[in-house]
Structures are given as structure tokens and as C-alpha cells.
Amino acid sequence: MGNMSIVYHESSKTFHLYNEDVSYIMTVMRNGHLGQLYYGKRIRDRENFSHLLETCKRPMTSYVYDNDRTFSLEHVRQEYPVFGTTDYRQPAVEIRQENGSRISDFQYQGYQVRKGKPKLSGLPATYTENEKEAETLTVTLEDRVTKVRVKLLYTIFAESGALARSVQFVNGGEGPVYLSRAMSLSLDMPDHDYLWQQLSGCWARECHIHTRSLEPGIQSIGSMRGHSSHEHNPFLVLKRPSADERQGEAMGISLVYSGNFRIQAEVDAHDTLRVLAGIDPETFEWKLEPGEDFQTPEAVMVYTDRGLNHLSQTFHKLYRTRLARGYWRDRPRPILNNNWEATYFDFTQDRLIEIASRAKECGVELFVLDDGWFGERNNERAGLGDWRVNKKRLPKGVGFLAERIEGLGLQFGLWFEPEMVNRNSDFYRAHPDWILSTPGRHESHGRHQYVLDFSRKEVVDAIYEQMAKLLREAKISYIKWDMNRSITECYSAAWPADRQGEIYHRYILGVYSLYERLTTEFPKVLFESCASGGGRFDPGMLYYAPQGWVSDDSDAVERLKIQYGTSMCYPISSMGAHVSVTPNHQVYRNTPLHTRANVAYFGAFGYELDLNRLSEPERNEVKEQIAFMKKYREILQFGIFYRLKSPFEGNEAAWMVVSEDKKTALVGWYRILNCVNGSYTRVRLLGLNPEYCYRNARTGDCHFGDELMNVGLITSDETAGELPAGITPYTDFESRIYVLEVTKP
């Protein structure tokens with residue numbers, strides 16, 4: 001393990017968390033609050049860093065002390081700030097008390113350092129497998145009036161620039177209080193010379209990279225939809241203007257949460273920066289009775305001075321190995337065939353077996369039956385909530401179909417949407433009060449479905465019993481867990497008026513509890529999360545389901561941007577990526593079969609079509625694709641990923657993955673529109689061993705790693721001149737995979 005330590009200097013009341021990559025320094029200020037001193041590249045420890053706490057007299061400022069016009073919280077960098085006691089910036093915490101006051105004064109009480117990392121009750125979070133991997137600091141603050149204690153948790157990992165943070169509130173007073181803001185992370189920085197990068201979009205174009213400068217005032221991303229959303233992923237990058245993929249300073253903030261969130265940056269009048277991340281305060285209030293505690297979701301911070309690729313690789317490794325869990329965490333993912341775009345609701349048992357038989361012939365390993373197998377599900381208006389077989393479609397049941405699929409030599413998977421219900425269902429007719437709806441108000445729908453009240457244990461229990469019964473009785477190896485609408489009219493009939501601000505968060509806790517129960521009872525089932533594609537593709541889901549459906553848009557060209565952006569934070573093994581039909585069902589674009597595969601290789605690979613409808617030459621190509629994926633999937637899914645050329649910046653895109661031993665590299669190169677009499681092109685590679693000689697499988701030529709990284713891999717083709725006779729013409733949406741393997745000495 002790397003050099004890692006959490007040091008407390010009693011004489012200066014200073015904490016220093018550090019490893020070989022990063023330092024995080026804070027101090028107890030003279031008013032008892034925690035001050036933020038430094039976050040960045042590792043620096044040498046010393047007894048006293050108090051000179052980093054800058055104060056001065058400024059006009060139009062409120063001051064803490066009567067005889068000192070230098071100490072104001074408005075102009076001091078703090079660790080967990082409150083509003084209204086000389087600080088006018090956005091706070092990390094706000095507590096409404098019985099007298100209506102929202103003023104708090106959290107003063108330092110003590111600290112504890114422990115080896116390893118504690119679990120967060122009921123919440124997903126990063127973890128350790130032995131105590132040497134991390135150390136955790138807990139700093140306790142207390143408000144003397146309310147007796148509310150705040151426990152700030154910091155975990156520093158031994159081998160990366162990652163720092164995990166969360167907050168626990170404990171009501172030690174005699175009366176209830178209400179948390180109206182409880183952010184997971186606050187970070188005050190001395191300047192704002194950063195570019196802000198976010199992953200935003202909407203359905204079918206998730207996780208596009210958007211970049212802008214930080215300006216005075218507040219800018220933010222977030223969700224009030226009840227889930228992390230297609231619109232904004234709970235992830236932020238702040239990078240220095242000179243930083244790029246290959247070099248420079250950057251920090252990333254990722255929230256391990258699947259519900260309503262906010263990540264914001266505030267630049268004040270003196271150019272200092274405050275970053276906040278946590279549960280969205282507009283849709284949150286939590287009643288905390290005496291003796292009760294509340295735990296915020298975890299936020300993960302990563303710092304690097306080696307560019308955006310290194311930032312992403314730190315997240316990839318941490319999330320792939322210490323956030324994802326269980327049987328499938330380190331295993332190559334099975335190549336699947338999903339029937340949805342092949343049949344939609346129009347299928348029979350015989351049709352499914354016909355599709356699965358052809359899939360097996362081509363080398364597929366897992367067949368997935370999507371929507372339509374249950375209840376009276378003949379269209380999207382009925383059936384949700386009735387998780388029993390539709391005998392009209394599958395007269396012999398799911399168990400029989402699973403046995404037939406297994407008999408073909410395939411694993412069998414099944415689609416669920418457990419959080420939703422249709423009015424036309426037995427489940428709804430039995431429990432019409434089990435949906436989220438506000439008394440006396442109209443009940444909005446999405447796709448003719450309503451959101452079950454997962455803040456209620458009895459609702460979660462009822463869904464669990466239906467799902468667990470099926471999983472016990474049928475040979476099911478995979479579950480696609482979908483969620484296809486946002487929450488409206490968020491009110492629970494089971495909770496009193498002063499608890500209604502808790503429902504959005506309690507709903508997500510209910511989702512997490514159902515995932516936890518199912519993954520515990522059925523540990524070898526592969527769960528894939530989905531929310532109309534990327535509507536809930538976030539670190540919280542990754543804790544329970546090691547892969548997710550990145551987007552309902554399976555078009556190869558659109559996926560270049562979606563997967564490129566998603567890779568800013570998430571490992572390749574977590575991205576469901578499939579080959580679908582052309583014209584594509586989302587954008588009606590025709591793309592070559594090889595390009596569809598060349599994009600989907602960089603993910604959890606599969607097919608979203610009926611292979612019987614392909615021509616014989618196309619099926620032979622599919623067989624070659626599957627053989628290629630099986631040969632290289634461990635490298636593709638678990639190797640070191642690099643972004644090389646951005647699809648957001650030009651007509652070409654490129655990325656690559658390198659094996660841990662650096663002896664094999666696979667480069668994906670993509671040209672979106674064809675050109676004529678174009679330029680010579682090449683791509684400078686990354687991550688190779690400069691002293692190894694790599695054989696290019698396309699050309700048979702060998703090149704040393706230093707040449708490929710500094711001169712580049714030549715990607716020019718005949719479009720750089722006049723197309724010779726006998727050469728197959730190139731088209732739009734061209735792509736290639738370059739396999740580079742070290743030659744034997």
C-alpha cells in the first residue's frame with residue numbers, strides 16, 4: 001500500500017490527510033469552527049499551517065468579535081459552513097428549530113481516526129476490503145443551543161487521489177429539529193480559475209460534456225425529478241484552463257446517490273470558490289427527533305495534476321473495485337441478446353426460442369426477455385405491479401422458458417420495473433393508496449404508469465415477495481431493472497404532514513433496500529440498472545448493479561458522445577452497450593454493422609435485435625464480432641481506458657484501452673462523415689510501454705511504444721487521395737479497431 005496518514009497537530013489544531021498524491025488540510029479556528037486550508041497536490045507535512053488562513057479588514061462586512069475587524073466568516077474558507085452568522089454565502093447545513101430559527105453554531109468537540117472505512121447505514125458507498133487500504137477521520141462539531149452534533153467523515157485511500165466524504169447528524173437535544181439542508185460536501189477554494197465541466201443532456205442523448213468558465217455568482221446542476229436524471233449526471237469536473245486529457249490540474253466531485261441532488265459552485269466578490277454537493281435542498285426536509293441520527297449520501301472527491309484521463313482512471317478503478325460489489329464485480333460480463341427492439345410486445349414462446357437459438361449459434365451467452373411477459377401486459381397501459389407470468393404469452397410459465405433457454409446452452413434473463421404500477425393491474429386495484437399522490441390533487445402519469453410509494457416498507461415488502469418468488473422458482477441469471485418515469489405529486493399517505501419533506505429521500509432508501517435484499521438472497525444474479533436508459537445511471541446504482549443501460553439510444557454515432565462523456569466518471573465495465581438494427585430505432589440512421597460493434601465493444605457488450613433477420617454474411621460477421629469480444633473482453637472491460645479524440649470537437653473520435661501489463665492495447669477509431677481527397681490522419685496513443693515493440697494486427701507492422709505515443713498511430717486511408725480501382729468505397733460512419741500486441745523478443 002502507498003504512504004497514507006491522517007495527522008492531527010495539537011499545538012495548531014490542524015488536521016492533515018495525505019497520501020502520495022494528495023493533501024487535504026483543515027484547522028480549528030479561534031471561533032471553534034473548522035477552517036479549510038488546502039486541497040491539492042501532496043505537500044510536506046508541518047506542525048503549523050495557520051498562515052494559510054488569511055483574514056483582513058474589509059468594508060461592509062459583519063464580524064464575529066467586537067474588537068476584531070479582521071475575522072468574518074464571509075471571508076474565511078470554511079469546512080462545513082452555516083448561513084447567517086457573518087457568512088452570506090450558500091451554506092452546507094441549515095436546521096429549522098422549534099422557535100423558527102435557522103441559525104446554528106457548530107463548534108469543534110473532538111476527533112477520531114480509524115483504520116479502514118465504516119459502512120453508511122442504508123446507503124451505497126465506497127468500501128475497503130482490509131484496513132490497510134484507507135483511513136477514516138471523524139470530526140465532531142456541536143451546536144450548544146440545540147445540542148445537535150455534526151460528524152464529518154473523511155476517508156483517504158492509500159493508492160489514489162480520492163477522498164470520500166459524508167456527514168452524520170445526531171440530535172442530542174430534548175426536542176425535534178428539522179434538517180432543511182444537509183449537504184454531503186462543502187469545499188472552499190482560494191481562487192476560481194477553473195473551467196466547469198458537467199455531463200448533461202436528456203433522454204437518448206445523455207452525458208454530453210458541457211464546459212464553461214466560472215463567473216461571479218452561483219451555477220449548478222441537479223435534479224428534482226426523484227432520480228438523478230437524464231438531464232444532469234451527479235458529477236462535476238473543475239479543471240485549470242490549461243489542463244486537457246493528457247496533463248494538468250483537475251478535480252472531480254461525484255455523488256454516490258440516485259435521488260434528487262445538487263452540485264453547485266459559488267464565486268464570491270473576492271474570487272474565492274465554494275463548491276457544495278448533496279441532496280437537493282429544495283425538495284428535502286428531515287425531522288430529527290431526540291436521539292435520532294441522519295446520514296447524508298457519500299461524495300467522492302478526486303484530485304490529479306496529470307490530466308483528465310488520469311482523473312477518470314482514478315474514478316474507474318475505485319468504482320469498479322471498491323463501489324461495485326459481489327459475484328460479478330471482477331468477472332467478464334456475458335454477451336447478451338435482448339429481445340426488446342426485435343419484438344417489443346409482439347412475441348410468443350416459440351418466437352423467443354427461435355431468437356435465442358440463433359443467438360446461441362452465433363456465440364451469444366445470455367438471452368434476455370424484456371417487457372411484456374407478466375400480468376395483462378399487452379401494451380404499456382396494463383400489468384405493471386403484477387409480477388406473475390402472462391399465460392397467454394407464455395402458457396407454460398417463465399420457469400419452463402428459462403429451462404428451454406438453458407437447454408440451448410444460454411443463460412436466461414428477465415426484465416422488471418418494480419417501482420411502478422399501472423391502474424389496470426390487480427396490484428393497484430388491491431392497494432390504490434400505495435402510489436405517491438397528493439390528497440385532493442390530480443394524479444399525473446408517465447407512460448400510463450404511477451410511482452409506488454417506496455417510502456413505505458409494506459410496499460417494498462410486497463414487491464420483494466413477488467420478485468423473490470420468481471427468482472426462487474425459475475432459473476434466472478440476470479435482471480434488467482428498469483424505471484421509466486419521474487416522480488410527481490410527491491406525497492405519502494403513510495407519513496404525517498411534518499414528514500412529507502422526507503419522502504423523496506425515503507423513496508430512494510426504499511429502492512436501495514429492495515436492491516440490497518435481492519442481491520443478498522441471489523448473489524450470483526447479474527443485475528443491470530436502467531431508467532429509460534441513463535435516467536438513473538449514477539454511482540448509487542453501481543453499488544447494487546455492476547452495470548447499467550447507459551442510454552436507450554443504441555445508434556453507434558450517438559453512442560460515441562454518450563459513452564465518451566460517461567467515461568469521464570464511470571468504468572467501461574459499467575456501461576451496457578449493444579449492437580442494434582438499422583435503420584436505428586431512435587434516430588433512423590443506417591450505420592455499418594462493424595461500426596455498431598466497434599463502438600459497443602467498449603462496454604458490457606450485447607445485441608438488441610433478432611439475428612434471424614440478418615443475412616448470412618451479416619450473421620457470419622456477428623460470429624466474428626462475438627469471437628473477438630470473447631478474446632479481448634477482459635482487457636476491454638477491466639483494462640486502463642484513455643480518451644484520445646473527442647467526438648464533441650471534430651469529425652473523428654478515438655479512444656483506447658490498455659492491459660494492466662501494457663502488452664496489449666485496443667484502439668477504437670471512428671470517422672463520423674466520409675471525406676474526399678482529405679488529410680493524412682494519425683492519433684497519438686497513451687499508456688503504452690515506450691520500450692515495448694507493438695505489432696499492429698491490421699498491417700503486420702511493428703512500432704515501439706514511444707513512437708506510437710509521440711509520433712502517433714497512422715489512421716490515414718484511401719480517402720486521403722483518389723480511391724484506387726478495386727478498393728471497396730468507404731462510407732459515412734467508418735470505424736476501425738486497431739489491435740496492438742507486444743511482439744516476442
Side-chain angles (χ1 to χ4, degrees), residues 332-373 389-390 392-415 474-480 526 528 530 547 549 552 554-556 559 576-586 590-601 603-633 636:
R333 307 297 155 71
I335 296 169
L336 66 81
N337 189 180
N338 185 298
N339 77 298
W340 180 240
E341 290 191 11
T343 68
Y344 294 102
F345 290 115
D346 184 19
F347 63 83
T348 63
Q349 179 177 282
D350 290 343
R351 176 83 189 283
L352 295 175
I353 293 171
E354 179 186 16
I355 295 172
S357 297
R358 182 67 76 180
K360 171 60 180 175
E361 177 188 305
C362 291
V364 168
E365 298 161 318
L366 166 67
F367 178 76
V368 180
L369 172 56
D370 211 282
D371 195 357
W373 57 268
V389 70
N390 182 332
K392 294 177 183 177
R393 286 231 174 85
L394 303 176
K396 296 185 179 181
V398 170
F400 175 82
L401 177 62
E403 287 181 8
R404 287 294 304 275
I405 299 299
E406 288 269 333
L408 295 173
L410 293 164
Q411 293 179 304
F412 177 70
L414 205 57
W415 178 95
K475 183 65 173 175
I476 298 170
S477 301
Y478 163 102
I479 286 179
K480 180 180 178 181
L526 173 59
E528 177 167 311
C530 178
Q547 64 190 54
W549 188 226
D552 277 347
S554 56
D555 173 70
R559 274 297 188 112
H578 297 172
V579 176
S580 62
V581 297
T582 58
N584 174 266
H585 286 192
Q586 290 78 49
N590 286 291
T591 54
L593 181 56
H594 69 271
T595 290
R596 284 174 266 160
N598 288 348
V599 175
Y601 287 145
F605 184 74
Y607 290 84
E608 196 87 13
L609 47 75
D610 182 352
L611 294 167
N612 289 291
R613 297 188 174 182
L614 300 185
S615 66
E616 192 65 30
E618 288 175 323
R619 281 198 294 271
N620 288 334
E621 188 174 348
V622 166
K623 292 175 183 177
E624 293 174 359
Q625 292 171 355
I626 292 173
F628 176 86
M629 187 64 189
K630 288 179 178 178
K631 181 176 180 180
Y632 292 109
R633 66 177 150 187
L636 286 161

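Keep in mind it's a predicted model, so treat the numbers as computed, not measured. If you read the sequence from its start, that first residue is 1, and numbering goes on from there.
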Just one of Asn620, Val581, Val622 clears the side-chain contact (heavy atoms from CB on, under 4.5 Å) bar with Leu614, so which one?
Val622
Looking only at non-hydrogen atoms, find the nearest pair between Gly363 and Ile626 and report the distance.
O-CG2, 3.5 Å
Does any non-hydrogen side-chain atom of His585 lie less than 4.5 Å from one of Ser554?
no
Between Arg596 and Thr591 (side chain of the first, backbone of the second, donor and acceptor by atom type, cut-off under 3.5 Å), is there such a pair?
yes
What closest approach, in Å, do Val599 and Ala556 show between heavy atoms, and which atom pair accounts for it?
CG2-O, 3.8 Å
Say whether, by atom type as modelled, one donor and one acceptor occur between the side chain of Arg393 and the main chain of Phe345 under 3.5 angstrom.
yes
Answer yes or no: is there a donor N or O on one side and an acceptor on the other, between the side chain of Trp415 and the main chain of Trp373, under 3.5 Å?
no
Working to the nearest 0.5 Å, report the span between CD1 of Ile355 and CG of Asp350.
11.5 Å
What's the separation between atom SG in Cys530 and atom CG in Asp552, rounded to the nearest 0.5 Å?
5.5 Å
When rounded to the nearest 0.5 angstrom, what is the spacing between CD in Gln625 and CD in Glu618?
10.0 Å
Looking at every heavy atom in both Ala356 and Ile405, which two are closest together, and how far apart are they?
CB-CD1, 3.5 Å
One should read off an interatomic distance between Leu609 CG and Leu593 CG, to the nearest 0.5 angstrom, of 8.5 Å
Answer with yes or no after comparing the ring centroid distance for Tyr632 and Tyr601 against a 6.0 Å cut-off, counting only values under it.
no
Should Phe412 and Lys475 count as side-chain neighbours, where that means a heavy-atom distance under 4.5 Å?
no
Side-chain donor/acceptor of Glu365 to backbone N/O of Gln411, under 3.5 Å
no
So for atom CZ, which belongs to Arg404, do other residues, nucleotides or ligands contribute more than 12 heavy atoms lying within a distance under 6.0 Å?
no
When you compare the side chain of Ser477 with that of Glu406, does any pair of heavy atoms fall below 4.5 Å?
yes
Is there a donor-acceptor pair closer than 3.5 Å between any side-chain N or O of Asn337 and the backbone N or O of Tyr607?
yes
Counting C-beta onward and ignoring hydrogens, is there a side-chain heavy-atom pair between Gln586 and Glu341 closer than 4.5 Å?
yes
Quick one: sort the Tyr344 and Trp340 rings into parallel, tilted or perpendicular, breaks at 30° and 60°.
perpendicular
Any side-chain donor-acceptor pair under 3.5 Å between Asp610 and Thr343?
no
Using modelled atom types only, decide if a donor and an acceptor are shared between the side chain of Arg333 and the backbone of Phe605 within a distance under 3.5 Å.
no
Atom CG of Asn339 and atom CG of Asp370: how far apart are they, to the nearest 0.5 Å?
6.0 Å
When you compare the side chain of Phe367 with that of Leu352, does any pair of heavy atoms fall below 4.5 Å?
yes
Measure the spacing between CG of Leu414 and CD1 of Ile476 and express it to the nearest 0.5 Å.
5.0 Å
Would you indicate whether the side-chain heavy atoms of Val398 and Leu369 approach each other to under 4.5 Å?
no
Can you find a heavy atom in the side chain of Arg619 that is under 4.5 Å from one in the side chain of Arg358?
yes
Measuring only between side-chain heavy atoms, which start at C-beta, is Val368 closer than 4.5 Å to Glu528?
no
Side-chain donor or acceptor of Lys396 paired with backbone N/O of Gln349 under 3.5 Å:
no
